[in-house]
Amino acid sequence: MHRQKLIGIIPGDGIGPEVVRLGRQILEFYRDKRGANLQLWELDLGADRFLRDGVTYPEETAARVKNEASAVLLGALGDPRVPDNRYARDILFGLRFGLDLYANVRPIRALADRLVPLRDRSARDVNMVIFRENTEGIYVGVGGQVRRGTPDEIAINEDVNTRRGVERLIRAGFEYARANGRKSIHMADKSNAMRDAHELWYRCFFEVASEYKEITAKHMYVDAMATAMVQNPSQFELVVACNLFGDILSDLGAAFQGGLGMAASANLHASEPSRVAMFEPVHGSAPPLAGRDLANPFATVLSVGMLLSHIGMPDEEKRLESLVVRAIEEKKCTPDVGGTMGTRAVSEWVLGELGHAFDR
Ligand code: NAD
Ligand code: IPM
Ligand code: MN
């Protein structure tokens with residue numbers, strides 16, 4: 001790697017800083033010990049900052065991220081002191097929408113049999129990737145409230161779906177399947193109820209599918225898919241869905257992997273891999289766990305793996321995943337995945353083993 005890569009780091013709120021600490025240390029390891037030409041840039045954004053000076057996601061910061069950064073690592077945002085979550089949406093959607101990161105890629109892969117909570121299923125049965133549309137849908141914030149607080153109140157959030165937005169996400173799914181040897185794609189929609197918005201998804205899915213003859217395209221209503229995922233997860237290799245359904249299905253899928261502490265994600269402008277991308281654990285700030293050394297850092301470690309792959313170090317993604325597999329096997333992990341160690345002790349173990357991996 002020649003040109004220096006700027007990596008933004010937003011620890012965020014709650015357990016965010018506790019898990020991102022290890023993420024940052026891993027990046028420092030590659031910078032200091034492996035010659036990776038990285039510049040790490042920690043951003044003071046989140047609830048504390050908002051409560052201190054009202055700043056959410058300043059324009060200058062957004063511009064530097066957009067024009068100079070190669071990647072951003074985000075912990076999580078969300079704090080009970082700010083119940084309306086506005087600052088968190090400014091930052092999270094500032095990144096996802098502002099950088100046009102239209103593909104939220106959420107791998108669901110179980111790294112050990114004992115993490116799979118489904119009866120008679122093992123890790124072999126859980127290996128799918130969710131492609132969640134990440135810039136449209138119900139998330140765009142078009143809507144409003146009228147006569148708020150009265151019995152006549154009206155509350156509206158519009159579901160916005162554009163042909164361009166739907167098609168590029170579906171296409172990203174097919175391209176990924178083709179590049180990674182996945183033989184089938186399922187699309188989850190609700191075209192039986194949402195006759196307009198999801199009829200577009202349905203039509204677009206099969207139109208795009210006709211260009212990828214080697215990949216089997218299957219449609220399911222999202223409610224039926226939720227049942228099918230639990231009953232027979234191994235039938236799913238790749239799932240494409242709108243923003244909201246992708247959000248829900250990915251938390252369901254996280255349960256198959258051992259919980260939210262294990263689920264990693266990438267937010268990509270998939271058609272141009274050289275553009276800045278954002279990486280984050282799927283979980284949130286988990287306020288009840290914060291400050292208790294209980295947070296599982298592996299979702300963040302796996303997200304850092306995806307980040308390293310994005311900036312041209314794909315072998316390191318595999319190395320970090322193998323490390324997590326071994327940690328789970330050897331019970332070097334937090335209680336949510338059957339261990340007895342704290343976040344800090346697990347982090348030390350990971351850093352120690354990462355160092356040894358290169359001594360051998
Ligand atoms: P959450 O993911 O924060 O936590 C749900 C539960 O999952 C926790 O109580 C905990 O039992 C478990 N969990 C999550 N992460 C874990 C980890 N690393 N290790 C061990 N257990 C873990 O979801 P929530 O409680 O619905 O949301 C809390 C806050 O986080 C809210 O403000 C929400 O809006 C926000 N949130 C932010 C993001 C983000 O920044 N990307 C994502 C999801 C939720
Ligand atoms: C996620 C989160 C966010 C989302 C929230 C915090 C707005 O649940 O990243 O999955 O719904 O996208
Ligand atoms: Mn979510």
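- Listed by first and then second residue, the ring-ring contact (aromatic ring centres under 6.0 Å, His included) pairs involving residues 70-111 are Phe50-Tyr87, Phe93-Phe97, Phe93-Tyr139, Tyr102-His269 (not counting sequence neighbours).
- Considering only heavy atoms from C-beta on, Val230 comes within 4.5 Å of Leu118 through its side chain.
- Under a 4.0 Å N-O distance rule, the pair Arg52/Asp48 does not qualify as a salt bridge.
- A salt bridge links Arg64 to Glu68: one of the charged nitrogens lies within less than 4.0 Å of a carboxylate oxygen.
- A single hydrophobic cluster is not seen to contain both Ile91 and Ile9; linkage of ILVMFWY side chains at heavy-atom distances under 4.5 Å, directly or through other members, places them apart.
- Thr61 places no side-chain N or O within donor-acceptor distance of the main-chain N or O of Tyr57, the cut-off being under 3.5 Å.
- Here Lys318 contributes atom NZ and Leu323 contributes atom CG; the two are 14.5 Å apart, rounded to the nearest 0.5 Å.
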Legend entry - Stepwise salt bridge (charged side-chain N to carboxylate O under 4.0 Å, His left out) test for Glu199 and Arg203: CA-CA 6 Å; Glu199 193 272 338; Arg203 192 161 23 95; 2.9 Å; yes
Inset, instruction - Run the numbers on Leu22 and Val301 for side-chain contact (heavy atoms from CB on, under 4.5 Å), then give the verdict. - result: CA-CA 7 Å; Leu22 175 57; Val301 173; 3.4 Å; yes
Inset, instruction - Apply the test side chain to side chain donor-acceptor pair (under 3.5 Å) to residues Glu133 and Thr135: give CA-CA distance (whole Å), side-chain angles for both, the deciding distance (0.1 Å), then the verdict. - result: CA-CA 6 Å; Glu133 202 293 318; Thr135 55; 2.6 Å; yes
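- A salt bridge links Arg24 to Glu42: at least one charged side-chain nitrogen sits closer than 4.0 Å to a carboxylate oxygen.
- When side chains are defined from C-beta on, Val276 does not count as touching Ser70, because their heavy atoms never get closer than 4.5 Å.
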Inset, instruction - Using the side-chain contact (heavy atoms from CB on, under 4.5 Å) rule, take Lys331 and Thr340 through it: C-alpha gap first, then chi angles, then the decisive distance, then the call. - result: CA-CA 8 Å; Lys331 293 265 175 93; Thr340 54; over 6 Å; no
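- Panel note: side chain Asp79, backbone Arg81; a donor-acceptor pair is recorded below 3.5 Å.
- Interatomic distance, Ser347 OG to Ile26 CD1, rounded to the nearest 0.5 Å: 8.0 Å.
- Using a 4.5 Å cut-off on side-chain heavy atoms (C-beta onward), Val239 and Met187 make no contact.
- Asp293 places a side-chain N or O within donor-acceptor distance of the main-chain N or O of Arg344, the cut-off being under 3.5 Å.
- Met128 has its side chain within reach of Met229: a pair of non-hydrogen atoms, C-beta onward, lies under 4.5 Å apart.
- Remark: the backbone N or O of Gly305 is not paired with any side-chain donor or acceptor of Ser309 at under 3.5 angstrom.
- Put simply, the side chain of Lys190 never gets that close to the backbone of His198: no donor and acceptor are under 3.5 Å apart.
- Residues Asn127 and Arg109 have side chains that never bring a donor and an acceptor to within less than 3.5 angstrom of each other.
- In this structure, the side chains of Val126 and Ile108 come closer than 4.5 Å at one or more pairs of heavy atoms.
- Cluster annotation: Leu99 and Leu45 are assigned to the same hydrophobic cluster (Ile/Leu/Val/Met/Phe/Trp/Tyr, side-chain heavy-atom contacts under 4.5 Å, transitive).
- Asp336 and Thr334 are linked by a side-chain donor-acceptor pair at a separation below 3.5 angstrom, with hydrogens and angles left out of the test.
- In terms of the ring-ring contact (aromatic ring centres under 6.0 Å, His included) criterion, residue partners of Tyr176 (sequence neighbours excluded) are, by chain and number, Phe131.
- Checked by atom type, the side-chain pair Glu136/Thr162 shows a donor-acceptor distance below 3.5 Å.
- Using modelled atom types, no side-chain atom of Arg178 and backbone atom of Lys183 make a donor-acceptor pair closer than 3.5 Å.
- The pair Glu280-Arg96 counts as a salt bridge, with a side-chain nitrogen and a carboxylate oxygen less than 4.0 angstrom apart.
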Inset, instruction - Dump the intermediate steps for side-chain contact (heavy atoms from CB on, under 4.5 Å) on Leu40 and Leu38, then the final yes or no. - result: CA-CA 6 Å; Leu40 305 182; Leu38 305 179; 4.2 Å; yes
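- Within a 6.0 Å sphere centred on CZ of Arg124, other residues, nucleotides and ligands contribute 12 heavy atoms or fewer.
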Inset, instruction - Step by step, work out the salt bridge (charged side-chain N to carboxylate O under 4.0 Å, His left out) result for Arg292 and Glu18. - result: CA-CA 9 Å; Arg292 298 170 60 200; Glu18 298 173 45; over 6 Å; no
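- Using modelled atom types, no side-chain atom of Asp113 and backbone atom of Ser122 make a donor-acceptor pair closer than 3.5 Å.
- Of all heavy-atom pairs between Ala177 and Ile185, the closest is CB-CD1, 3.9 Å.
- Under the 4.5 Å side-chain heavy-atom criterion for ILVMFWY residues, no single connected hydrophobic cluster contains both Leu244 and Ile156.
- When side chains are defined from C-beta on, Arg31 does not count as touching Asn37, because their heavy atoms never get closer than 4.5 Å.
- Side-chain contact between Ile328 and Leu115 is present, with at least one heavy-atom pair separated by less than 4.5 Å.
- Each of Leu289 and Leu77 belongs to its own hydrophobic cluster when Ile, Leu, Val, Met, Phe, Trp and Tyr are linked at side-chain heavy-atom distances under 4.5 angstrom.
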Legend entry - Residue pair Arg86, Asp90: steps toward the side-chain contact (heavy atoms from CB on, under 4.5 Å) verdict: CA-CA 6 Å; Arg86 188 177 68 83; Asp90 276 5; 3.5 Å; yes
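- In terms of the ring-ring contact (aromatic ring centres under 6.0 Å, His included) criterion, residue partners of Phe205 (sequence neighbours excluded) are, by chain and number, Phe174.
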Inset, instruction - Carefully, step by step, assess Tyr202 and Tyr221 under the rule ring-ring contact (aromatic ring centres under 6.0 Å, His included). - result: CA-CA 10 Å; Tyr202 187 92; Tyr221 298 119; 7.9 Å; no
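- With hydrogens and angles disregarded, a donor-acceptor distance shorter than 3.5 Å links the side chain of Glu237 to the backbone of Ser184.
- Looking at Glu316 and Arg319, a side-chain N of the basic residue comes within less than 4.0 Å of a carboxylate O on the acidic one, giving a salt bridge.
- One distance of note links NE2 of His310 with OG of Ser274; it measures 7.5 Å at 0.5 Å rounding.
- Under the side-chain contact (heavy atoms from CB on, under 4.5 Å) test applied with Phe279, the options Ile7, Val72, Leu268, Val105 reduce to a single match, Leu268.
- Glu329 has no carboxylate O lying under 4.0 Å from a charged side-chain N of Arg326, or vice versa, which leaves the two without a salt bridge.
- Salt bridge annotation for Arg49-Asp53: present, with a cationic side-chain nitrogen under 4.0 angstrom from a carboxylate oxygen.
- A distance of 4.0 Å separates CE of Met278 from CG of Asn267, quoted to the nearest 0.5 Å.
- Ser285 and Asp13 share no side-chain donor-acceptor pair at under 3.5 Å.
- With hydrogens and angles ignored, the 3.5 Å screen pairs no side-chain donor or acceptor of Gln39 with any backbone N or O of Lys5.
- More than 12 heavy atoms of other residues, nucleotides or ligands sit less than 6.0 Å from atom CD of Glu153.
- Here the side chains of Arg132 and Ser265 are not in contact, with every heavy-atom distance at 4.5 Å or above.
- Side-chain atoms of Asp159 and Asn161 include a donor-acceptor pair closer than 3.5 Å.
- The cluster map of Ile, Leu, Val, Met, Phe, Trp and Tyr, joined by side-chain heavy atoms under 4.5 Å apart, puts Trp201 and Ile130 in different clusters.
- Remark: the backbone N or O of Pro117 is not paired with any side-chain donor or acceptor of Arg121 at under 3.5 angstrom.
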